[in-house]
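Only one structure is covered here, and it is reproduced in the block below.
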Amino acid sequence: MKQQDTKTDSTELIGRRKRRRHGLTVFNLKVIGAVFMFLSVASVTLVPAMFGGDITKDMTALSVAVLCEVVSWCAIPIYAWLLFDGYRHTHNRWMYLLQLLVLAVVCEVPYDCVTTGKTFDLSSQNPVFGLLIALIVIAALDWISKHYEGAVRYVFMVVLVIVGLLWNLMLRVGLRQGVMNVGAITLAFVMVFYLLNKRENTMMITAGLMGAVSLIAPAVGVAFLHYRRDELGYKHAWTKWVFYLLYPAMLLVGMAV
């Protein structure tokens, strides 16, 4: 009787992610992302307070502020992945969208206050709007995939992504230091994760290369994602709401500094 070969062809494992027992959970990634997010807020609130006001007149203060802002960009791919991961696992995508919309609106006034000193300023919108736009885009892509086929499907998908990109650029979502449009880069990372999530190696390499050409820092964020494991890591169900409150809380504290 011929013995059955139970070994798996190695080619079948290419791009397939093994379930890890050790690594960064969703909770861990959110904590890391929150630390980088704090640096972004600190660059326009805490740093000027530490150096006594106008940092443009102090090269050391300006350098520290720019460094904090650049390092904070490590959070971009982390939050992009968390958005995509939340989207594919949520039981109610409309509620998920509503939660992000409310968070974006709540954050806008304190964001304007800490970045420009005005209660309403259209020169830059808070980065939560970038996550919201990305969520709308991937939800619409799913809808298009279900209702259209062939060339028409791909044309609509390309147009949709371009529209999402233009919204980020026109609204100047997360535009800081006049260099990084956080909203546009967030959408780009979300598209990489959305389109390549079934090919782990290709996805990580593509995201890493994109992070590298986006002033290096986002590539560091991708490195954290490489060591993730697909577990929530929450001890309590209400923990996720704490992370929703973190960013507006940071902004409010920044207003008081």
When the side chains of residues 148-158 are checked against the rest of the protein, which donor-acceptor pairs come out under 3.5 Å, sequence neighbours left out?
none

Review point. Among all residues two or more places apart in sequence or in another chain, which pass the side chain to side chain contact (heavy atoms under 4.5 Å, CB included) test with His147?
Key: Trp143
Study note, to complete from the structure: Residues pairing under side-chain hydrogen bond (donor to acceptor under 3.5 Å, both in side chains) where one sits in residues 44-56, two or more places apart or in two chains, turn out to be Asp54-Thr56
Review point. What residues, two or more places apart in sequence or in another chain, satisfy side chain to side chain contact (heavy atoms under 4.5 Å, CB included) together with Leu103?
Key: Cys107, Val128, Tyr244, Pro248
Revision key, fill the gap. For Phe51, the ring pair (Phe, Tyr, Trp, His ring centres under 6.0 Å) test, sequence neighbours excluded, returns none
Study note, to complete from the structure: Ala207 meets the side chain to side chain contact (heavy atoms under 4.5 Å, CB included) criterion, sequence neighbours left out, with Phe189, Val192, Phe193, Val222
Check your understanding: Looking at residues at least two apart in the chain, or sitting in another chain, which of them share a side chain to side chain contact (heavy atoms under 4.5 Å, CB included) with Leu165?
Key -> Leu169, Ala184, Leu187
Atom pairs and distances, side-chain donor-acceptor, residues 24-35, under 3.5 Å, sequence neighbours left out:
{"unit_1": "Thr25", "atom_1": "OG1", "unit_2": "Phe27", "atom_2": "N", "d": "3.4"}
{"unit_1": "Thr25", "atom_1": "OG1", "unit_2": "Asn28", "atom_2": "N", "d": "3.2"}
{"unit_1": "Thr25", "atom_1": "OG1", "unit_2": "Asn28", "atom_2": "OD1", "d": "3.0"}
{"unit_1": "Asn28", "atom_1": "OD1", "unit_2": "Thr25", "atom_2": "N", "d": "3.0"}
{"unit_1": "Lys30", "atom_1": "NZ", "unit_2": "Tyr234", "atom_2": "OH", "d": "2.5"}

Practice item. List in chain and number order the residues that pass ring pair (Phe, Tyr, Trp, His ring centres under 6.0 Å) with Phe84, two or more places apart in sequence or in another chain; answer none if no residue qualifies. Key: Trp81
Practice item. Supply the members, apart from Val106, of the Ile/Leu/Val/Met/Phe/Trp/Tyr cluster built from side-chain contacts under 4.5 Å; use none for a lone residue. Key: Met95, Leu98, Val102
Check your understanding: Of all residues at least two apart in sequence or in a different chain, which pass the ring pair (Phe, Tyr, Trp, His ring centres under 6.0 Å) check with His91?
Key -> none
Study note, to complete from the structure: The remaining residues in the hydrophobic cluster of Leu122, counting side-chain heavy-atom contacts under 4.5 Å among Ile, Leu, Val, Met, Phe, Trp and Tyr, are Phe120
Review point. Within the distance-only criterion (no hydrogens, no angle test), does the side chain of Asp142 pair as donor or acceptor with the backbone N or O of Ala139 below 3.5 angstrom?
Key: no
Review point. Does any N or O in the side chain of Asn168 come within less than 3.5 Å of the main-chain N or O of Gly130, such that one atom is a donor and the other an acceptor?
Key: no
